[in-house]
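So you know, we letter chains A, B, ... as the sequences are listed, proteins then strands, and number each from 1. All figures in this text were calculated on a predicted structure; none of them were measured in a lab.
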Protein chains: 2
Amino acid sequence: MKKVTINSVASYAGVSKKTVSRVLNNEPNVSDATREKVLKVFKELDYTPNPIARGLAQNRSFIIGCIYDNPSKSYITRVQTGALAACQGNNYNLLIHPCDLRGDALISNIEHLLHSSRLDGLVLTPPFSDFKVLVDFLKRKKIPYARVASAVLEDDSISVRSNDEQGAFEITEHLIKLGHKAIAFIKGHPDHSATEQRFKGYRRALSTHGIEFNERLVEEGNFSYHSGVDSARSILDLTPRPTAVFASNDYMAAAVLKLATQRQLKVPNDISIAGFDNAPIARHIWPGLTTIAQPVEEMTKQAVTKLIEHIGDPQEQPYQVTLEARLITRESTAQVK
Amino acid sequence: MKKVTINSVASYAGVSKKTVSRVLNNEPNVSDATREKVLKVFKELDYTPNPIARGLAQNRSFIIGCIYDNPSKSYITRVQTGALAACQGNNYNLLIHPCDLRGDALISNIEHLLHSSRLDGLVLTPPFSDFKVLVDFLKRKKIPYARVASAVLEDDSISVRSNDEQGAFEITEHLIKLGHKAIAFIKGHPDHSATEQRFKGYRRALSTHGIEFNERLVEEGNFSYHSGVDSARSILDLTPRPTAVFASNDYMAAAVLKLATQRQLKVPNDISIAGFDNAPIARHIWPGLTTIAQPVEEMTKQAVTKLIEHIGDPQEQPYQVTLEARLITRESTAQVK
DNA sequence: TTCAACCCTGACACCGGTGTCATAATGTGA
DNA sequence: TCACATTATGACACCGGTGTCAGGGTTGAA
């Protein structure tokens, strides 16, 4: 396989390489005849421009970085799927970069990443989406970025989220309509803005339906399965035991289910359990978890698509969208007895 | 932030850029004094070489591609973790590229990927690790590659695997020692070489312990949760019902567990269930699954590390390693009654 | 002392594209 | 028909590194 460069194309087509470059980039000021001719040579020689050389000349890498620090692997997988879908159509690549939110070295870590890989932009996934220190840093350095699933919509950035508060409201209301009054709640990781949003939705549903909020029914989790086990223990030990548990994600809900089952409780007859996210595990266990389906892939895909547009044309408008979350009822919730 | 290039370093240190380049690449023939001086300037100016420029000059991209077509997301996640660990220390990046094994366009898809992204090498994960068409193509094109979890060790390539056959043998033997004689088996995806290996281990354990192999106890799955449900249905409908089921991965085992539980069977009292891989789900459900822990991260890390070495020095020896798989017993298997 | 061998160093071309600017070709209005 | 604007094209430098090679300085053996 001999290499086909812009020079071979140029000499073969009998034009200068600058003209080939013009055709490549759809620039104006090329006659139709010349453009046709060059395009034909592209096909004949099966020419693909070298992204590295382009990158060097334009100081671009055609790579988007995706940074994350998330205990939920399935969430990350879904984020990647969405991001890849956006990259593939645009000749962009996706570089994945796990890192510590809490580490003091975070900023210098990111700085090194940007510097050494010359990323064109960054996708911020929770909990980075609302991490002010980082966002401010990127703004100051003028690094293009897009935020996925952040709580707040700013005016001047790309941000795609889903309505966590409303989702939590709906699933709590679902439990209330099944007759539940004592509904325990397991919070997510304090660094994630979704944690606060979901909690708000839970409280709004309670107050909408005239149920008094009870502090003792709330446990602090961190989205990990393990934290769900700890929270579940506290909740199941309460007397009287709540008739329902709403965990801020499916992993923690699965942990509640596991512990309840270990303790010979029947789900949903003895206790109803609801989760959030519609992670694969929600349908891999018995009983299947009632949960809220978040369009994670779609959110990320839109965010990355807009990010790439923005990189190509920095004048591009900001983009602020909220997608809908959807209630999915399965076997883990039932009428209270 | 002003840009620090090799030129600034060179003029600041009072040497030519070639000398700076020599220091950068640890080349010989630089006096200690000069080397020290340049290294000091690196620090003072906080210089990081531009990988794009290096890539252009050396016709390298410093990117490893990881291709996969795997229903098990958690497997992919683990592969990524291992690959990233190897990349990070070596200033390499990881590009992830899902694609269809069965598509006729596979080769041209990969060809385009290689051509347009100038990948330095490829990590082949199952089922690509043993996909002859692709391996032959890469060999012919002289693209460096490493295989993870392939069934066969070749002489001239980088390949890191774990002992699937032995793992399957051990877990089957574990069941046999618990008194099980009618042990159903669910096969994996026919494209994956692990499928055959695990089946072999199962049969070897049976014959070692003088148990006759029974074709009717074997179901065809494909590693997906869904296929596990179908297989589970057939198995649980058998009369007499087997006292144990060994599924070729944890997702399918989880499906068996779910269906058995739905049918009011007690696991492990009424039926024992064993899986393979030690996926997260194995410990997220109740009862936890007895399974075989494969060092997926470690396999991938070693494979990628060797791949990067090989790229840097094509004379590098081939590398053929088999890591050990380990039996993990949880609550899903018990003495037969 | 002499000369080859070796070590260090820098000048320069090159990787494969893009940006800038000059120039040739064409079009337009008076 | 001429002056001037506009379009099409190419020459050339440049992005930030690396490869090649030549030349000056040392060293060691003859």
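With respect to the salt-bridge test (charged N to carboxylate O, under 4.0 angstrom), the residues A/Arg102 and A/Asp69 do not qualify. Ion pairing between A/Glu298 and A/Lys301 fails under the 4.0 Å rule for side-chain N and carboxylate O.
Evaluation of the salt bridge (charged side-chain N to carboxylate O under 4.0 Å, His left out) rule for A/Lys132 yields A/Asp136 as partners, not counting sequence neighbours. Listed by chain and number, the residues in a side-chain hydrogen bond (donor to acceptor under 3.5 Å, both in side chains) with B/Ser129 amount to none (sequence neighbours excluded).
For DNA chain D, the contact window with chain A, defined by any atom under 4.0 Å from a protein heavy atom, covers D/dT7 to D/dG16 in 5' to 3' order.
Taking each heavy atom of A/His192 and A/Asn70 in turn, the nearest pair found is CE1-ND2, 3.8 Å. Here the shortest heavy-atom pairing between B/Ala149 and B/Pro126 reads CB-CG, 3.8 Å. The two residues B/Ser21 and B/Ile6 make their nearest non-hydrogen contact at N-CD1, 3.9 Å.
Between its opening and closing five pairs, the helix from C/dT1-D/dA30 to C/dA30-D/dT1 changes axis direction by 40°, a value rounded to 10 degrees.
A/Ile311 places a side-chain heavy atom less than 4.5 Å from the side chain of A/Tyr92. Residues A/Leu94 and B/Leu95 have side chains not in contact (no heavy-atom distance under 4.5 Å, counting atoms from C-beta outward). No side-chain heavy atom of A/Thr19 sits under 4.5 Å from any side-chain heavy atom of A/Arg35.
With a 6.0 Å cutoff to the six-membered ring centre and a 45° limit on the axis angle, A/Arg140 does not count as a cation-pi contact of A/Phe137.
Using a distance-only test at 3.5 Å, with no hydrogens or angles considered, a donor-acceptor pair links the side chain of B/Ser61 to the main chain of B/Arg118.
Less than 4.0 Å separates DNA chain C from at least one heavy atom of each of the following residues of residues 25-48 of chain B: B/Asn29, B/Val30, B/Ser31, B/Thr34.
Residue A/Val20 is classed as having no contact, given no heavy-atom separation below 4.0 Å to the nucleic acid.
Heavy-atom neighbours of B/Asp32 CG from other residues, nucleotides or ligands within 6.0 Å: at or below the threshold of 12.
At C/dG10, one or more side-chain N or O atoms of B/Thr19 fall inside 4.0 Å of OP1 or OP2 (strictly under the cut-off).
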With 3.5 Å as the limit, what N/O pairs link the protein to nucleotides 21-23 of chain C?
none

